[in-house]
S.K.: 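This is the structure I want to talk about, given as structure tokens.
Letters A, B, ... are given to chains in the order of the sequence lines, protein chains preceding strands, and every chain is numbered from 1.
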Amino acid sequence: MLQTRLCNIRLKNPTILASGILGVTKESVDRIGKAGAGAVTLKSLCHEERKGFDNPTMFAYDGTFLNAVGLPGQGIDSAIRDFKRLDNLSVPVIGSIYGYRIEQFGQVAKKMASLNPSMIEVDISCPHMDYGKPYYADAGLTAKITKAVKKNAGRIPVSIKLSPNVYDIKEIAHAAEKSGANAITAINAASGMVIDIQARKPVLANKIGGVTGPALKPIAVRCVYEVYETVKIPIIGTGGVTYGKDAVEMIMAGATCVGIGSGIYYRGIGIFRKVCDEMTAWMKKNKVRNLNEIRGEGHK
Amino acid sequence: MSNNELKKNDIPQMLEISDVVQEAKEQKSFFFRHPIDCKPGQFTMVWIPGLDEKPMAVSYWKRNEFAFTSKAIGKFTNSLDKLKKGDKVGIRGPYGSCFSARQNSVVVGGGVGMASVSTLIDILKNPIIINGARSKDYLIYMKRYKNKNMVVATDDGSYGKKGFTTDILNEVLSNNKKIKIVYTCGQEMMMKKVFEICQRHKVECEASLERYMACGFGICGKCMINDKICCVDGPVFNSRQLNKLSEFGKFARLKSGRKVTIKEYHEMHA
């Protein structure tokens with residue numbers, strides 16, 4: 001019932017671990033796969049080792065999740081030694097990459113492709129990076145990065161991860177598709193801040209962070225809806241998916257697959273199986289035989 | 001109603017330090033007059049606003065009062081060391097798995113690792129305590145446990161027996177066949193040896209491991225040991241789990257996620 005095709009990848013179900021949550025080691029990827037995820041996205045890697053920000057880097061506040069981890073990572077060269085390959089795990093793996101400069105996106109993509117992941121996701125949209133102009137806010141730069149990655153990714157499909165922190169997400173999605181992207185991941189975290197009124201200081205060490213969790217869902221649904229109206233390539237709808245009904249909503253907005261990240265905080269690693277069971281129950285109750293019947297229904 | 005309720009313990013509460021006790025050289029306990037629902041071996045996340053946040057084991061636990069014991073070794077713990085009664089820090093938690101607290105036990109603590117096993121000692125009936133440190137000046141809780149069955153070891157012989165806690169453990173287990181379980185916290189190489197000694201003597205072992213942590217609630221993936229998430233699956237692991245952890249005593253991950261040897265890991269964090 002839940003089997004899904006994303007580009008040329010067959011998934012047992014449409015739930016995908018979103019980048020930045022737990023996907024740091026091969027064994028954690030395997031564990032999330034065994035817990036029922038349809039695919040797993042690695043934590044983003046770039047051309048060098050990064051420690052990331054000091055703590056606090058993650059906080060949970062009322063239906064809001066806030067983080068500024070600062071893109072820590074061992075770097076792609078170390079990851080190649082650590083992972084060796086990505087095509088022999090219990091679940092399809094999506095390798096998330098980024099760079100500081102456009103050519104670095106291409107270089108990291110080439111190295112990531114050597115591990116043979118099922119897909120490469122390009123993180124152009126971290127809301128609190130400490131380098132230059134944000135690529136995510138500019139259609140021209142998004143196009144250049146997409147081309148640089150596509151040139152180096154070989155036959156591996158490429159998804160561009162977009163930010164909600166833009167005036168017009170349609171324009172950016174269109175630029176990615178036109179430049180050869182095979183999918184769109186929408187969305188990354190929304191830029192935000194929480195001030196602790198007892199401490200009288202922003203909670204995150206970096207002060208500004210990314211809002212995820214249930215508070216992000218309506219923003220994500222709107223973005224997926226707009227992107228679906230603009231492009232023909234599949235969308236991984238990510239942002240606040242916690243229950244089966246959220247996944248159904250995301251698919252009705254036009255998503256092919258749904259990303260789950262902060263949801264693990266609320267429901268544990270078992271969330272993938274729970275969301276799938278809840279989707280199946282909803283489909284049976286509403287006489288829906290497969291997800292194609294409801295995909296994009298919100299547009300009719 | 002959805003279950004997206006706030007987990008109250010995950011929001012830092014700014015708590016006033018009610019007392020500071022110098023336990024030994026470079027090591028202090030910070031007390032808070034505040035109730036906490038805690039099991040032996042669990043930890044809290046301690047936040048100094050504008051600086052950093054780190055995991056600290058609960059080392060004293062009474063009704064309406066708790067404390068943690070910190071050793072000043074880095075930027076964060078040196079700042080903690082300067083805090084005084086009346087200053088405030090953010091506390092969230094407690095987090096993590098706990099010790100099983102079974103009787104007929106030995107507790108092996110190395111240095112400030114004693115802090116992680118101290119609330120356990122407080123609820124055990126007459127455990128044999130092996131407290132070790134590099135020298136007399138670094139031994140903590142000597143007064144606290146002066147009436148308990150405690151054997152002390154120092155690397156330089158400046159107090160108690162000269163030698164390692166593991167040598168004493170080996171002797172204790174050879175001479176006392178009633179011992180059912182050994183609890184331990186300290187440097188990982190010591191805990192690895194403790195575990196190996198327990199395996200040889202066919203005695204259960206539970207060890208509290210340390211890894212670089214950020215969230216404390218199993219999301220960020222920084223504290224992985226093999227397929228285990230140290231902050232929620234641990235920090236306390238039993239023999240069955242330790243046996244499967246090939247990285248135990250060998251490898252740990254830095255803040256960046258890069259895997260290094262335990263020795264390098266301790267050097268980078270010291």
S.K.: Answer yes or no: is there a donor N or O on one side and an acceptor on the other, between the side chain of Asp52(B) and the main chain of Asn55(A), under 3.5 Å?
M.R.: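 Confirmed, Asp52(B) side chain pairs with Asn55(A) backbone.
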S.K.: For Lys51(A), I'd like to know if atom NZ has over 12 heavy atoms of other residues, nucleotides or ligands within 6.0 Å.
M.R.: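 12 or below, so no.
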S.K.: Does Lys222(B) reach the side chain of Thr57(A), with side-chain heavy atoms less than 4.5 Å apart?
M.R.: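 No, their side chains stay 4.5 Å or more apart.
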S.K.: Please classify the contact between Leu51(B) and chain A as side chain, backbone, both or neither, with a heavy-atom cut-off of under 4.5 Å.
M.R.: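 Interface part for Leu51(B): backbone (N, CA, C, O).
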S.K.: Quick one: do Arg258(B) and Asp82(A) make a salt bridge, cutoff under 4.0 Å?
M.R.: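 Asp82(A) and Arg258(B): not salt-bridged.
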S.K.: Do the side chains of Phe76(B) and Asp54(A) get nearer than 4.5 Å, heavy atoms only?
M.R.: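 Side-chain contact under 4.5 Å: no.
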S.K.: With a cut-off of 6.0 Å (strictly less than), are more than 12 heavy atoms of other residues, nucleotides or ligands near CG of Asp37(B)?
M.R.: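 At most 12 heavy atoms, drawn from other residues, nucleotides or ligands, come within 6.0 Å of this atom.
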S.K.: From Glu27(A) CD over to Ile225(B) CD1, what is the distance, rounded to the nearest 0.5 angstrom?
M.R.: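 Reported value, rounded in 0.5 Å steps: 11.0 Å.
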S.K.: For Leu204(A), is it the side chain, the backbone, both or neither that has a heavy atom under 4.5 Å from a heavy atom of chain B?
M.R.: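 Answer is neither: Leu204(A) stays 4.5 Å or more from chain B.
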S.K.: Between Asp233(B) and Arg31(A), is a salt bridge (Lys or Arg N to Asp or Glu O under 4.0 Å) present by the stated rule, with each step listed?
M.R.: CA-CA 13 Å; Asp233(B) 299 324; Arg31(A) 184 167 166 187; 2.7 Å; yes
S.K.: Can you tell me if Lys207(A) has over 12 outside heavy atoms packed within less than 6.0 Å of its NZ?
M.R.: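 Check fails, neighbour count at 12 or below.
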S.K.: Do Asp196(A) and Pro12(B) come close enough that some side-chain heavy atom pair is under 4.5 Å?
M.R.: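 With C-beta onward as the side chain, the pair touches.
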S.K.: Identify which of Gly20(A), Pro72(A), Gly73(A) forms the greatest number of heavy-atom pairs closer than 4.5 Å to chain B.
M.R.: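 Sorted descending by pairs with chain B, the first entry is Gly73(A).
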S.K.: Measuring from atom CG of Leu45(A) to atom OG of Ser256(B), what distance do you get when rounded to the nearest 0.5 angstrom?
M.R.: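 One gets 10.0 Å once the value is rounded to the nearest 0.5 Å.
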S.K.: Can you spot which of Leu22(A), Ile21(A), Asn67(A) makes a side-chain contact (heavy atoms from CB on, under 4.5 Å) with Ile219(B)?
M.R.: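 Passing option: Ile21(A).
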S.K.: Any chance you could lay out the side chain to side chain contact (heavy atoms under 4.5 Å, CB included) test for Gln74(A) and Lys259(B), step after step, and finish with the verdict?
M.R.: CA-CA 8 Å; Gln74(A) 58 181 315; Lys259(B) 189 162 134 179; 5.7 Å; no
S.K.: Taking Ala199(A), Gly261(A), Pro202(A) one by one, which has the highest count of heavy-atom pairs under 4.5 Å against chain B?
M.R.: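 Option with the greatest count: Ala199(A).
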S.K.: Nearest 0.5 Å, please: how far is CZ in Phe217(B) from CZ in Phe59(A)?
M.R.: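 Here the interatomic distance stands at 7.5 Å.
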S.K.: Given that the side chain runs from C-beta out, which part of Met14(B) has a heavy atom under 4.5 Å from chain A: side chain, backbone, both or neither?
M.R.: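 It is both, since atoms from each part get that close.
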S.K.: Evaluate the side-chain proximity of Ile269(A) to Ile229(B): yes if any heavy-atom separation is below 4.5 Å, no if none is.
M.R.: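 SC-SC contact between Ile229(B) and Ile269(A) confirmed.
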S.K.: Tell me if the NZ atom of Lys12(A) is crowded by more than 12 foreign heavy atoms within 6.0 Å.
M.R.: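 Atom NZ in Lys12(A) is crowded, with more than 12 foreign heavy atoms closer than 6.0 Å.
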S.K.: So how far is it from Leu254(B) CG to Glu49(A) CD, rounded to the nearest 0.5 Å?
M.R.: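 Result: 6.5 Å between the selected atoms.
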